[in-house]
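Report on the following structure.
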Amino acid sequence: MRIPERIARIAPFLAMEVMERGQALERGGKSVLHLEVGEPDLDPPPAALEACRRALLEGRTNYTDSRGLPELREAIARDKQARSGVALDAERVIVSNGTSPALLLLFSALLEAGDEVIVPAPHYPCYPNFVRFCGGQPVFVPTRAAEGFVLDPDAVRAALSPRTRAIVLGTPANPTGAIQPREVLQELVALGVALICDEIYDGLVYDGARCVSALEVADADAEVFVLDGFSKRYAMTGFRLGYAIAPPAALRTLQILQQNLFISANEFVQHAGIAALREGTASVEAARRAYSRRRTLLLDGLRELGFVIPVTPAGAFYILADARAFAADSVALATRLLERAGVGAAPGLDFGAAAEGFLRFSYAQPEAVLREALKRMRPVLAELQN
Ligand SMILES: Cc1ncc(COP(=O)(O)O)c(C=O)c1O
């Protein structure tokens with residue numbers, strides 16, 4: 001089979017590869033603790049489950065308006081408005097089968113072949129791959145632990161070229177947990193290229209931190225796109241529900257793409273989304289408090305094992321740990337931990353060359369699992385330190 005060149009350049013999603021290998025080991029009878037994927041162990045809000053069940057039984061199993069049910073778009077606009085303090089017209093919301101398809105819509109709408117997209121490194125693995133898939137070229141701008149993984153707008157300015165079409169970033173970010181300050185977002189918007197701000201971890205923040213939304217620093221018609229979804233805050237990964245908030249000038253193009261590529265998000269899942277927004281606030285707050293406790297447990301435990309954690313993550317549910325005391329090759333180290341300790345960790349290489357030598361651990365797991373993982377890793381790591 002002949003693979004198109006732009007597809008051949010897409011790297012495997014290493015965290016998923018570790019998960020799939022771990023599941024194969026489990027099928028063979030081995031116990032595996034999954035700290036590699038960003039998959040909350042908590043349950044979705046009960047109201048969302050009930051609304052989904054009811055919607056299925058009532059036959060809400062059809063296509064909907066490609067942009068989403070009006071009631072859901074209204075609820076999303078109200079929710080985002082409550083979190084950001086910015087008035088938001090529901091017409092600007094496009095509902096999708098997860099944040100990932102929304103990213104695909106945006107890059108499809110924005111990129112000509114050869115256009116460049118600035119991607120801060122370390123980065124969510126899929127960003128550069130979506131860019132490549134749409135014929136674009138990722139341009140990486142490093143962020144440094146010493147600066148809390150905050151993006152330097154001057155470094156972004158230096159990376160701009162006549163082909164630069166967009167900047168894509170996450171805040172709070174996967175894998176660093178960093179929150180981009182308001183001034184940084186303001187400077188990025190002023191650069192005159194489209195800003196795509198992935199806010200899927202908004203709300204999962206600790207120690208009193210607050211995540212500034214890109215909506216707060218831009219006019220409604222600026223080329224600013226915000227992505228968000230239900231996977232993380234509401235522990236609804238498998239429902240596949242997310243959305244983009246776009247400027248009015250882009251809406252028709254995104255609607256046409258959505259009609260053609262995905263038609264619409266699942267109707268019964270959209271009803272679960274409405275219920276989550278209406279009645280899920282307590283579940284989100286309980287999740288945030290649980291993650292906060294787990295974050296402390298895992299930070300202390302990993303440091304005690306000899307990992308160096310240069311930045312305490314302010315949000316999301318990951319710890320990016322420097323593992324160079326044990327090995328330079330993050331894929332080899334993750335493989336060893338999986339095979340020998342039965343502990344899944346995402347190799348730093350997944351997040352770009354800048355994170356090679358690091359491992360990313362997810363603390364979206366019960367405290368007992370985190371404790372057991374730390375216990376299991378100790379002897380395997382001790383061998384490597386000698
Ligand atoms: C930063 C970031 N964006 C997007 C996604 C994908 O989210 P969804 O489940 O909504 O497709 C993830 C999942 O891990 C993520 O970490």
Side-chain angles (χ1 to χ4, degrees), residues 12-19 34-42 44 48 68 72 76 80 93-107 117 119-131 133 138 143 149 151 167-180 195-205 211 213-214 225-245 258 261-262 265-266 269-270 272-273 276-277 291 313-320 344-346 348 350-352 355 360-365:
F13 192 165
L14 295 177
M16 293 299 291
E17 301 247 288
V18 171
M19 184 186 85
H34 291 278
L35 276 55
E36 72 281 13
V37 276
E39 174 88 60
D41 63 305
L42 303 168
L72 176 58
I76 288 170
K80 201 68 189 176
V93 177
I94 304 239
V95 174
S96 55
N97 298 90
T99 309
S100 313
L103 263 173
L104 185 61
L105 290 181
L106 294 189
F107 286 128
V117 178
V119 184
H123 53 79
Y124 175 54
C126 304
Y127 295 152
N129 290 331
F130 275 113
V131 172
F133 180 77
T143 59
F149 294 115
L151 187 55
I167 302 165
V168 61
L169 55 82
T171 182
N174 174 5
T176 62
I179 292 175
Q180 296 299 326
L195 176 65
I196 301 175
C197 198
D198 181 349
E199 301 178 2
I200 192 170
Y201 294 99
D202 182 20
L204 298 180
V205 291
C211 178
S213 167
F225 299 83
V226 166
L227 294 160
D228 207 331
F230 292 76
S231 289
K232 312 294 175 171
R233 259 193 316 284
Y234 295 102
M236 287 169 63
T237 46
F239 283 69
R240 311 306 305 128
L241 191 62
Y243 52 92
I245 299 164
Q258 169 78 352
L261 296 182
F262 305 111
N266 315 42
V269 166
Q270 294 189 56
L277 291 170
Y291 294 144
F317 41 57
Y318 306 106
I319 294 173
L320 188 64
D350 219 10
F351 312 99
R360 187 201 69 179
F361 295 93
S362 162
Y363 50 87
Q365 292 289 331

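All heavy atoms count here, side chains included; hydrogens, waters and symmetry mates do not. Counting convention: from 1, in listed order, for ligands and their atoms alike.
Close N/O approach between Thr237 and ligand 1 is not found [any backbone or side-chain N/O within under 3.5 Å]. For ligand 1, the polar-atom distance check finds no N/O of Tyr127 at less than 3.5 Å from any of the ligand's N/O atoms.
Rounding to the nearest 0.5 angstrom, the gap separating the CZ atom in Phe317 from the OH atom in Tyr291 is 5.0 Å.
Between the side chain of Gln365 and the main chain of His34, a donor-acceptor pair closer than 3.5 Å is present. Listed for the Asp350 side chain is no donor-acceptor partner under 3.5 Å among the backbone atoms of Pro125. Remark: the backbone N or O of Ala265 is paired with a side-chain donor or acceptor of Gln270 at under 3.5 angstrom.
Here the protein heavy atom with the shortest distance to atom 6 (C) of ligand 1 is Ser100 OG, 3.4 Å. At the top of the distance list for atom 5 (C) of ligand 1, counting protein heavy atoms only, stands Tyr124 OH, 3.4 Å. At the shortest separation from atom 13 (C) of ligand 1 among protein heavy atoms lies Lys232 NZ, 3.0 Å.
Residues Leu227 and Cys197 fail the side-chain proximity criterion, which asks for heavy atoms closer than 4.5 Å.
Listed by number with element, the atoms of ligand 1 under 4.0 angstrom from any heavy atom of Arg240 are 8 (P), 9 (O), 11 (O). The atoms of ligand 1 that sit less than 4.0 Å from any heavy atom of Ser231 are 8 (P), 9 (O), 10 (O).
In the candidate list Leu227, Asp228, Asp198, Val37, Asp198 is nearest to atom 1 (C) of ligand 1, counting heavy atoms. Atom 7 (O) of ligand 1 has its nearest heavy-atom neighbour, among Asn174, Leu104, Thr171, Ile200, in Ile200.
In summary, the aromatic rings of Tyr124 and Tyr201 are positioned with their centroids too far apart to meet the 6.0 Å limit.
Checked for salt-bridge contact, Lys80 and Asp228 meet the test: a charged N lies under 4.0 Å from a carboxylate O.
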